[in-house]
Undergrad: 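Below is a structure I'd like to ask you about.
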Amino acid sequence: MAAPFMEELSDYLGSPEPAVRLIFSILIGYPFALVYRRYFFHQPPYIVHLFHTFSGLALAAFNFGSQLYHSAVCIVVQFLLLRLMGRTVTAVLSSFLFQMMYLLFGYYYTATDQYDIKWTMPHCVLALKLIGLSFDFYDGGKEASQLSAEQQKGALPSVPSLLEVLGFSYFYGGFLVGPQFTLRSYLKLTCGELTDCPGQPPNSVFPAMKRFSLGLVCLAIFTIGSPIYPDSYFLTDEYEAQPFWYRCFYILVWAKINLYKYVSCWVIAEGVCILSGLGYNGKDSNGVDQWDACANMRVWQYETTPLFTGTIASFNINTNAWAARHVFKRLKFLGNKMASQVATLLFLAIWHGLHSGYILCFSMEFIIVTVEKQALSLVKDSPMLTQLSNSSVYPLIYCVQQVIHWLFMGYPLVPFCLFTYDKWLKVYSSVYFCGHVFFFAAYLLMPYLRKALSGGGQGDVILQSGRGEGTESGEGEEGGREMGRLSYLPLLLLCMTWVAHSNKANKHKPWIETEYQGIVMENDNTVLLNPPLFALDKDAPLHYAGEICGFRVHSGTSGSGAAQFEAVVLDRSTGEGLVRSKEPLDCESQREHSFTIQAYDCGEGPDGVNSKKSHKATVHVRVNDVNEFSPVFVERRYEASVPEGRLFDRIVRVEALDADCSPQYSQICFYDIITPNVPFAIDNDGNIKNTEPLDSKRQRVHSFWVTAFDCGKNRAQADAQVIVTVKPSCKPGWIGWSKRVEYTPGSGNIPLFPNLHLETCEETVWNIQATVELQTGHIGKGCDRDSYSDRSVRRLCGAVRGEVDLLPPPSPAANWTASLPTLPSSDSSLVFSFNGSTHVAVVPDSVAAAVSGDHFTLQLWMRRGGANTQPPANQARGSHREEETIICSTVKNDDSFSHYSLSVHGCRLSLFYWPDVATARPVKFLWKLEQVCDSEWHHLSLSVQFPSVTLYVDGVTFDPALIHDNGAIPSPAPRQRLVIGACWEPEEKQKDIVNNTIPESKDSGRYLGGYRGLLSGVTVRPGSVEPHSVVECLYACREGLDFGDLETLGSGMKVHVNPSQSVLVLEGDDIESFNRAVQQVTYRNSLRFATPGVRPLKLTTSLRCFSEEGCLSLRQLEGYLVVLQPDAPQISLSGVGPHLARPAPEFEGPHGVPLFPELRIVCSLTHTVNTAVQGMEGGALMSDAVAHTLDGCEVQPLGEELNPEREELLVDIDTLRERGLDIINTTAYIAITGAESISVYEDVLRSIRYRLAKGSARFERRFRLSCSEMNGRYTSNELTLEVNFLHSLDSLYHPSHLLASQQQFLHPSHHSGELSGHTLPNPHRNSVVPGAATVIIMVCVGFLVVMVILGVFRIRSIHRRGDGARGGSKESSNQWDDSALTIIVNPMESYESRMGTSGDTEGECEEEEEVVDSPGDSSDDQRIIIKKEGRDNGPRRY
């Protein structure tokens, strides 16, 4: 959690993260010191050591991570050196060498040209501590008289323990930036001795807070000023373009601000030491407690001193004191303070780092301090300057001093901060090295100024070191007088030399030009110079002295010189000379020659005594070429192959070379074909092309000769032969491509390109890449969503039950999605569209309460963008897009409220989680995913088991890239709510809650972060998280591309398949291996009932050739894969008779009557079997029984819907839930959905009961049962059941029951045969009927028969009249309309008649008319035609 917090803090402050960590680590020393004072001050020392060790290690791990082992290694090695080597010089030297070498190696391997905060920064402080520890341990073995006062304070009388060394090294007050202190002082701290109150923690809080406040002020100055005056400005062109005074002023201000970086760290760290007690330094002479034992800065002196030495003395005090005690003073054996000081400064420079800037900084410091001490001595010895420094104008002088002081304090700081040579040299050049010029000039002029201002009374002060003292005054005076005497000695020697030489005749040196240009012809030796060679002498016309005796040739940079050339004098008086080569020159071996020449006169006599030489002049000689060589062809024979029928710009290029050195003769001016009558031409560059299309049938091979001419018209020594072979026409591309590929379901893997191979027409390629793309857009979301719905897939994948659908289909029970727009989907899942403004789903509290808890799994299908996702009208174009919230929820746990929201922003997905809105702090998990912004469907599964969060995208796990601690932000109101597509504003901004829509004119600001895109299948399951295997199954693809055998891949071949298995990429460099690999690309479809249809197929090929200009370009191949219709599963419903008759009281019982008690469901595959081998014609159908899974069954009442007040269908809801099935129970139908086995559906359907309310006057009710699977793709036969209610004779008093019992008396002999197989009541039960009733029934039946006969005769008479009048045309239009005829029949008679005539199957009776015999009449003409109801609607998909 610290990493994101520190990153955000550093971004907010505008500082590098390592710097922020460092400041934070220094500041945390104050709480550590308070803990020490409160809990560990009175503890034994080893407890204190442990506390300091672990606190320091924590700081090291926080800043440098695993790199803390560097410090641990050095500490352990140092302890072993002390233990094993003892108090010896060898131990000291070994410690010094090991610690410094380890530090320097660290600099070497980690240093850059920037200021980096790495493990080497605290390690340099640690190195001084451990080296000082070895010195103090060595001093502890000496007598007290042999040690200085400082050495006695730090000397260790005994060997420290490892725990003591660890606590000393990792002490939080000095581990990172110092200060330096001795182990002896640290041991006093752990024993409670460093306190002003013996036995109690020191009263150091107020002094520590003073240093802390001062450090914060310095830190604020640096934080504000450093961005205004950055180091990088030095290296810009803008800085160089500024005036000189501005560049110097910038260095001054920059140095002042930049040093506050060090001042703030040291002062704050000093406050930590004071607070812990380590800074206690006893009492002064006035008895006041001193807290400056760890002072690393004297801030007041640092700010007010005008002297360089004053600034150095107030800056990094403890490090300077350490260097003086352990380096400078221990080099006393050298006997030279200057050498000791130089060695000390060199050690400090190397200790800081390996950059050249450190060396230059400390060397410049040495020069500045030396000059300043000379100047101070001059002011002290000069009465005039002393008086001036005590006058009233000194404030003005002080201001000038401060300007010069800080300007030249910043001058050596430039290389210290810029490190590398190229950077600080650029800055120094821009200010013209003013610091070096100023101080070197002051150093040289100081003796003369001393002499002028002190009246010669004082000599120079000879400084032994930058911080040392001058010689005694007497010695100074003596040195001054000696300097005065020595100053005249050069002048005296110069005068004597001039007098001695004034009598000589040869006063002047010869003079020649500074440079000559010469030309010499090849195979010649005379060089023609421009200008001509003449040497002049001002001593002319004196004999000898004014004459030129000769020239000397010296070797030049090209190696030419005296070995190849000589110069001779043609005329001694005029000085004319001639340069020539000793041997003829060859232009081909060396064309340019350079050397120097020097003239000398004849001196003062014939022997050439005291001759003078001129300066050296440079001579450049160029050798002119002669056309002595003829062209030579690089090859004697050139061969090429070209396809026929084309014109080429270049078939082959011939090349000839000429050995001559000049462009005039070495270049080939033209080529020529000397063989006549060939269909080829050649240009001046040697490119041969054909002048007409070549025909391989007419001439397969063409052979001809070419020659070459240089620009001197020399012909080639030997001609070259060119052979061109004509190849038959070849068309590069894929051969064997089949545009249509058929796949029979159940075939397993089939190769897509069994005969495909690539033809490159002998073109050499070095890389081939082919991309096979199978477009499976027919399957909607994911891979296999065309087979089962989301809920069914979850069941089949073994997901734990209990998920809550947050976006269910709109219904009276789930109306919060009613106003959301939906899009068509190839599966049964609804796709909801969100436009980011008005489309919001507010889930009811009753549903939200079911998904409470901090352990849950959120799953959804998501696609960014889509239909109806335009930005709202009030959003300006180009405005910043806010986060889009997918789901926002506040849920109630046992005794608290938690909050979470899932959002997208750009290509980032974030989960904002608040485990307890009242106490805990929110956490934000962040993922950067390309899938979020590619406008494609993706499956997201987010498992939260706080603090663990796991994200699966398309079945692949993704870890959070960043985890932010969002700090103190307004907490959500502790009220349960859940919103899909946006998140609500704070409670006080919300007025009216309108479900689903947000009117832009009124409440457009109530919801924030509207989601723009499509969602589907949004479910939340509380409890334990979903296993990875289940998540992988939810996205698993059972249809896609595959590769046959990876082991057969050739060397250099690569295969890559994307997660959805729709894109396969092959890459290789060998054509043969590539062709074999392409032929192994297969199509895989492991679905039992594959979705038939067309899948577009594409093959894209990319070739890379050695010659990019003529590389082949292959077009994209397009085809399609046809998945044939699979063997259709036949779902057969049986075991239930077409009629069910039960006494009415059984239906009126509390449990009703089972409708399908003996239902059987069988699934079989029907396919064609070839029977030709058996001598049969055509084929036959064969069915194989298979284990199968249903996803829905429906029971529908035919005719009128159920009347809830009189009848109902009973289903055991608890049993359905236990089996994971859902039910939709309406008056129109009952639908049971969910992927389950056939046996489960049989049990559930057998348990469906039909119940009537008591007193319901019903005689029959018909039901239809059907089942389906794979989203309704395959349906069963429709099983129709007619339920008859048998009423007893006790109820015949009711008029409506009168005719219901008529059949029992009119046809008693039909019961036993026609109702076989049905359970009926005893026909003799209550069979005693009064005589009056019998008479009435007989009369009614007779009347009914008469009416039927009259109706039949009327119909026949109408037919005859119609036929006679119209000749039989349009007879159907005049038929008797009997729709108003009301016929009351006995329901049992109708039932028995249909039983007697129902010989056809159930499927046939759905589309045909049913003929029912009239009761009491067997005539064919007297029939009642009743049309059966058709299906109310098509099959539903589940």
Undergrad: Side chains of Ile1238 and Ile1131: closer than 4.5 Å at any heavy-atom pair?
TA: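 No; the side chains remain at least 4.5 Å from each other.
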
Undergrad: Applying side-chain hydrogen bond (donor to acceptor under 3.5 Å, both in side chains), name anything that partners Ser846, two or more places apart in sequence or on another chain.
TA: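 For Ser846 there are no side-chain hydrogen bond (donor to acceptor under 3.5 Å, both in side chains) partners, ignoring immediate neighbours.
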
Undergrad: Before you tell me yes or no, could you show the steps for Ile1224 and Asp1222 under side chain to side chain contact (heavy atoms under 4.5 Å, CB included), namely the whole-Å CA-CA distance, both residues' side-chain angles and the distance that decides it to 0.1 Å?
TA: CA-CA 7 Å; Ile1224 301 175; Asp1222 296 328; over 6 Å; no

Undergrad: What's the separation between atom CD in Glu1148 and atom CG in Leu1252, rounded to the nearest 0.5 Å?
TA: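 One finds 6.5 Å between CD of Glu1148 and CG of Leu1252.
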
Undergrad: Can you check whether Ile1161's main-chain N or O pairs, donor with acceptor, with Glu1242's side chain at less than 3.5 Å?
TA: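 The answer is yes, because a donor-acceptor pair under 3.5 Å joins these two groups.
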
Undergrad: Looking at His839 and Pro821, what are the two nearest heavy atoms and their distance?
TA: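 Here His839 and Pro821 meet closest at CE1-CG, 3.3 Å.
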
Undergrad: Looking at residues at least two apart in the chain, or sitting in another chain, which of them share a side-chain contact (heavy atoms from CB on, under 4.5 Å) with Pro810?
TA: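 side-chain contact (heavy atoms from CB on, under 4.5 Å) list for Pro810, sorted by chain: Thr817, Ala818, Leu830.
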
Undergrad: Enter the distance from Asn1284:CG to Leu1140:CG here, rounded to the nearest 0.5 Å.
TA: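 Here the interatomic distance stands at 8.0 Å.
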
Undergrad: Just verifying a value: how many Å separate Asp954 CG and His939 NE2, rounded to the nearest 0.5 Å?
TA: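 The NE2 atom of His939 is 8.5 Å from CG of Asp954, to the nearest 0.5 Å.
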
Undergrad: Let me see the working for Leu1155 and Leu1209 under side chain to side chain contact (heavy atoms under 4.5 Å, CB included), right down to the final yes or no.
TA: CA-CA 9 Å; Leu1155 292 181; Leu1209 289 175; 3.6 Å; yes

Undergrad: Which residues pass the side-chain contact (heavy atoms from CB on, under 4.5 Å) test with Val847, sequence neighbours left out?
TA: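 If we apply the side-chain contact (heavy atoms from CB on, under 4.5 Å) test to Val847, skipping adjacent residues, the hits are Val804, Leu806, Trp816, Val843, Pro844.
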
Undergrad: What's the spacing between Arg1021 CZ and Ser943 OG if we round to 0.5 Å?
TA: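 If I round to the nearest 0.5 Å, the distance is 8.0 Å.
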
Undergrad: Not counting sequence neighbours, which residues clear salt bridge (charged side-chain N to carboxylate O under 4.0 Å, His left out) with Arg1249? List them please.
TA: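 Not a single residue meets the salt bridge (charged side-chain N to carboxylate O under 4.0 Å, His left out) criterion with Arg1249.
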
Undergrad: Can you find a heavy atom in the side chain of Ile750 that is under 4.5 Å from one in the side chain of Val741?
TA: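 Side chain of Ile750 against side chain of Val741, heavy atoms only: contact under 4.5 Å found.
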
Undergrad: Of the options Val1244, Leu1279, Leu1281, which is the one that meets Leu1159 in a side-chain contact (heavy atoms from CB on, under 4.5 Å)?
TA: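 One option only clears the test, and that one is Leu1279.
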
Undergrad: According to side-chain contact (heavy atoms from CB on, under 4.5 Å), who are the partners of Thr822, at least two apart in sequence or on a separate chain?
TA: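 Once residues adjacent in sequence are excluded, the partners of Thr822 under the side-chain contact (heavy atoms from CB on, under 4.5 Å) criterion are Phe832.
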
Undergrad: Suppose we screen for side-chain hydrogen bond (donor to acceptor under 3.5 Å, both in side chains). Which residues come up paired with Glu1146, at least two apart in sequence or across chains?
TA: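 Glu1146 satisfies side-chain hydrogen bond (donor to acceptor under 3.5 Å, both in side chains) with no residue once adjacent residues are dropped.
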
Undergrad: Below 3.5 Å, can you tabulate the donor-acceptor pairs from side chains in residues 1197-1204 to any protein atom, sequence neighbours excluded?
TA:
| from | atom 1 | to | atom 2 | distance (Å) |
| --- | --- | --- | --- | --- |
| Glu1200 | OE2 | Arg1258 | NH1 | 3.0 |
| Glu1201 | OE1 | Thr1227 | OG1 | 2.9 |
| Asn1203 | OD1 | Glu1205 | N | 3.2 |

Undergrad: Can you give me the closest heavy-atom contact between Leu1124 and Pro745, atom names plus distance?
TA: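 That would be O-CG, 3.2 Å.
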
Undergrad: Report yes or no: does Asp1042 contribute a side-chain atom to a donor-acceptor pair with the main-chain N or O of Thr1082 at less than 3.5 Å?
TA: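 Absent.
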
Undergrad: Can you name the residues that form a side-chain contact (heavy atoms from CB on, under 4.5 Å) with Ser1247, not counting sequence neighbours?
TA: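 By the side-chain contact (heavy atoms from CB on, under 4.5 Å) rule, Ser1247 matches no residue at all.
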
Undergrad: With side chains defined as the heavy atoms from C-beta onward, is the minimum distance between Asp1243 and Arg1219 less than 4.5 Å?
TA: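 Asp1243 reaches Arg1219 side chain to side chain.
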
Undergrad: Within the structure provided, determine whether Leu1210 and Glu1208 are in side-chain contact (heavy-atom separation under 4.5 Å).
TA: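 The answer is yes; the side chains approach within 4.5 Å.
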
Undergrad: What verdict does the side-chain hydrogen bond (donor to acceptor under 3.5 Å, both in side chains) test give for Ser1237 and Ser1239, after you've listed the backbone C-alpha separation in whole Å, the side-chain angles of each residue and the deciding distance to 0.1 Å?
TA: CA-CA 5 Å; Ser1237 64; Ser1239 60; 3.1 Å; yes

Undergrad: Quick one: list whatever passes side-chain hydrogen bond (donor to acceptor under 3.5 Å, both in side chains) with Asp845, sequence neighbours left out.
TA: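 Partners of Asp845 under the side-chain hydrogen bond (donor to acceptor under 3.5 Å, both in side chains) test: none.
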
Undergrad: With sequence neighbours excluded, what pairs up with Arg1246 under the side-chain hydrogen bond (donor to acceptor under 3.5 Å, both in side chains) test?
TA: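 For Arg1246, no residue satisfies side-chain hydrogen bond (donor to acceptor under 3.5 Å, both in side chains) once neighbours in sequence are set aside.
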
Undergrad: Looking only at heavy atoms, which two atoms of Leu1014 and Trp937 are closest? And how far apart?
TA: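 Smallest interatomic distance, heavy atoms only, reads CB-CH2, 3.7 Å.
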
Undergrad: With a 4.5 Å limit on heavy-atom distance, are the side chains of Leu820 and Phe834 in contact?
TA: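 Heavy-atom side-chain distance check passes, below 4.5 Å.
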
Undergrad: Would Leu807 and Ser1016 satisfy side chain to side chain contact (heavy atoms under 4.5 Å, CB included), going step by step from the backbone distance to the final call?
TA: CA-CA 7 Å; Leu807 289 179; Ser1016 179; over 6 Å; no

Undergrad: Looking at Gln1125, I'd like to know if its CD atom is crowded, meaning that more than 12 non-hydrogen atoms belonging to other residues, nucleotides or ligands lie closer than 6.0 Å.
TA: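 Buried by this count: over 12 neighbours within 6.0 Å.
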
Undergrad: Grab the two heavy atoms, one from Cys1193 and one from Leu1245, that are nearest each other, plus how far apart they are.
TA: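 Taking Cys1193 first and Leu1245 second, the nearest heavy atoms are SG-CD1, 3.9 Å.
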
Undergrad: Ignoring hydrogens, what is the shortest heavy-atom contact between Ala848 and Leu978? Give both atom names and the distance.
TA: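 Residues Ala848 and Leu978, closest heavy atoms: CB-CB, 3.9 Å.
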
Undergrad: Take Glu742 and Arg740 through the salt bridge (charged side-chain N to carboxylate O under 4.0 Å, His left out) test and state the conclusion after the steps.
TA: CA-CA 7 Å; Glu742 290 188 355; Arg740 174 187 173 96; 2.8 Å; yes

Undergrad: How long is the gap from CD on Gln775 to CG on Leu1121, to the nearest 0.5 Å?
TA: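 Output value for this atom pair is 12.0 Å.
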
Undergrad: How about Ile1248 and Ile1232: do any of their side-chain heavy atoms sit closer than 4.5 Å?
TA: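 A side-chain contact exists here, since the closest heavy-atom pair is under 4.5 Å.
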
Undergrad: Which heavy atom of Val1094 sits nearest a heavy atom of Tyr1120, and at what distance?
TA: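 The pair with the smallest heavy-atom distance is CG1-CB, 3.5 Å.
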
Undergrad: As a quick check of understanding, evaluate side chain to side chain contact (heavy atoms under 4.5 Å, CB included) for Thr1275 and Ser1266, giving each step before the final call.
TA: CA-CA 7 Å; Thr1275 59; Ser1266 63; over 6 Å; no

Undergrad: So Glu1282 and Arg1262, do their side chains get closer than 4.5 Å, heavy atoms only?
TA: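 Of all side-chain heavy-atom pairs linking Glu1282 with Arg1262, at least one is under 4.5 Å.
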
Undergrad: Could you tell me which residues satisfy ring pair (Phe, Tyr, Trp, His ring centres under 6.0 Å) with Phe1263, sequence neighbours excluded, listed by chain and number?
TA: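 Tyr1250.
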
Undergrad: Val1283 versus Phe1147: any side-chain heavy-atom pair under 4.5 Å?
TA: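 They are in side-chain contact.
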
Undergrad: Has Asp805 got a side-chain atom pairing as donor or acceptor with Thr1019's backbone, closer than 3.5 angstrom?
TA: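 No; zero donor-acceptor contacts below 3.5 Å.
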
Undergrad: Using the ring pair (Phe, Tyr, Trp, His ring centres under 6.0 Å) criterion, which residues pair with Tyr1083? Sequence neighbours excluded.
TA: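 So Tyr1083 forms a ring pair (Phe, Tyr, Trp, His ring centres under 6.0 Å) with Tyr743.
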
Undergrad: Answer yes or no: is there an ion pair linking Arg1261 with Glu1207, defined by an N-O contact shorter than 4.0 Å?
TA: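 A salt bridge links Arg1261 with Glu1207.
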
